[in-house]
Asker: 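Submitted below is the structure of interest, expressed as structure tokens.
Atom set for the values below is all heavy atoms of this structure, side chains included, hydrogens, waters and symmetry mates excluded. Position 1 is the first residue of the sequence; numbering continues from there. Quantities reported herein were computed from a predicted structural model and do not represent experimental measurements.
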Amino acid sequence: MTAIHCLNGPNLNLLGTREPGIYGAATLADIEHDLHERAVRLDIALTFRQTNHEGELVSFVQEAGRAGAGVLINAAAYTHTSIALRDAIAGTGVTAVEIHLSNVHAREAFRHVSLIAPVCAGVIAGFGPYSYLAGLDALAHLLRGRSSPPLKISAS
């Protein structure tokens, strides 16, 4: 069974009430529920975590690396600031996909630069909660090898 750790950074615990015009009405629990449903269909062992602390997020990445798991990561603000997180992804050798609910390139200029994107396999941004599902599908495909048949993607 493929193992994937979905790791969420600061303030994502506020989803549903935090700036719904930008981030939508879905809560992190809603996203987790939908992701677990998709993971079951894809035969993925999913670990889902959130923290507001940079060092803890780094530890989560290292744990995933030691377990041989892939990482689906919404590092939130740490995307733009954390060299430690970038080094954890690079240093563990995990296959990671960076995701964002909003289109960070259509927002403030400081959000246009990701320190972790260069060490991730890809970036998905701007599709709201579907960014998580698309990221899970893409990461599962990468972890299973590009020679395997493509996954069937559906929004539900």
Asker: Under 4.5 Å between side-chain heavy atoms, hopping through other hydrophobics if needed: is there a path connecting Phe60 to Ile99?
Answerer: no

Asker: According to side-chain contact (heavy atoms from CB on, under 4.5 Å), who are the partners of His36, at least two apart in sequence or on a separate chain?
Answerer: Glu32, Leu46, Phe48

Asker: Rounded to the nearest 0.5 Å, how far apart are CZ of Phe127 and CG of Leu133?
Answerer: 12.5 Å

Asker: Who passes side chain to side chain donor-acceptor pair (under 3.5 Å) against Ser59, sequence neighbours left out?
Answerer: none

Asker: Can a donor-acceptor pair be found, under 3.5 Å and without considering hydrogens, that links the side chain of His80 to the backbone of Val113?
Answerer: yes

Asker: Once side-chain contact (heavy atoms from CB on, under 4.5 Å) is applied, do any residues pair with Thr79, and if so which ones, sequence neighbours excluded?
Answerer: Ala75, Glu98, His100, Ser114, Ile116

Asker: Using the rule that two of Ile, Leu, Val, Met, Phe, Trp, Tyr join whenever any of their side-chain heavy atoms come within less than 4.5 Å, decide whether Ile31 and Leu42 are in one cluster.
Answerer: yes

Asker: Do any pairs count as a side-chain hydrogen bond (donor to acceptor under 3.5 Å, both in side chains) and have a residue in residues 60-78, sequence neighbours left out, and if so which ones?
Answerer: Arg49-Glu63, Asn74-Tyr132

Asker: Work out which heavy atom in Gly126 is nearest to a heavy atom in Ser131; give both atom names and the distance.
Answerer: N-OG, 3.8 Å

Asker: Name all residues meeting the side-chain contact (heavy atoms from CB on, under 4.5 Å) criterion together with Asn52; count only those two or more places apart in sequence or in a different chain, and write none if there are none.
Answerer: Pro10, Asn13, Gln50

Asker: State which residues pass side chain to side chain donor-acceptor pair (under 3.5 Å) with Asp30; sequence neighbours excluded, sorted by chain then number.
Answerer: Thr27

Asker: Sequence neighbours excluded, which residues qualify as side chain to side chain donor-acceptor pair (under 3.5 Å) partners of Thr47?
Answerer: none

Asker: Please output the side-chain donor-acceptor pairs of residues 84-93 that fall under 3.5 Å, not counting sequence neighbours, one pair per line with the distance.
Answerer:
from, atom 1, to, atom 2, distance (Å)
Thr92, OG1, Ala88, O, 2.9
Thr92, OG1, Ile89, O, 3.3
Thr92, OG1, Val94, N, 3.4

Asker: Is Val119 reachable from Ile73 through a run of I, L, V, M, F, W or Y residues, each pair having side-chain heavy atoms under 4.5 Å apart?
Answerer: yes

Asker: Val97 versus Cys120: any side-chain heavy-atom pair under 4.5 Å?
Answerer: no

Asker: With sequence neighbours excluded, tell me which residues meet side-chain contact (heavy atoms from CB on, under 4.5 Å) with Thr2.
Answerer: Ile4, Ile44, Leu143, Arg144

Asker: Do Leu115 and Leu57 share a hydrophobic cluster, counting only Ile, Leu, Val, Met, Phe, Trp and Tyr and linking them when any side-chain heavy atoms are less than 4.5 Å apart?
Answerer: no

Asker: To the nearest 0.5 Å, how far apart are OG1 in Thr95 and CG in Leu72?
Answerer: 12.5 Å

Asker: As an exercise, state the distance from CD of Glu56 to CG of Leu7, rounded to the nearest 0.5 Å.
Answerer: 10.5 Å

Asker: State, to 0.1 Å, how close Gly9 and Ala76 come at their nearest heavy-atom pair, and which atoms those are.
Answerer: C-CB, 4.2 Å

Asker: Do Tyr130 and Leu136 belong together in a cluster built from hydrophobic side chains that touch within less than 4.5 Å?
Answerer: yes

Asker: With clusters built from Ile, Leu, Val, Met, Phe, Trp and Tyr whose side-chain heavy atoms come within less than 4.5 Å, directly or transitively, what are the remaining members of the cluster of Val123, listed by chain and number?
Answerer: none

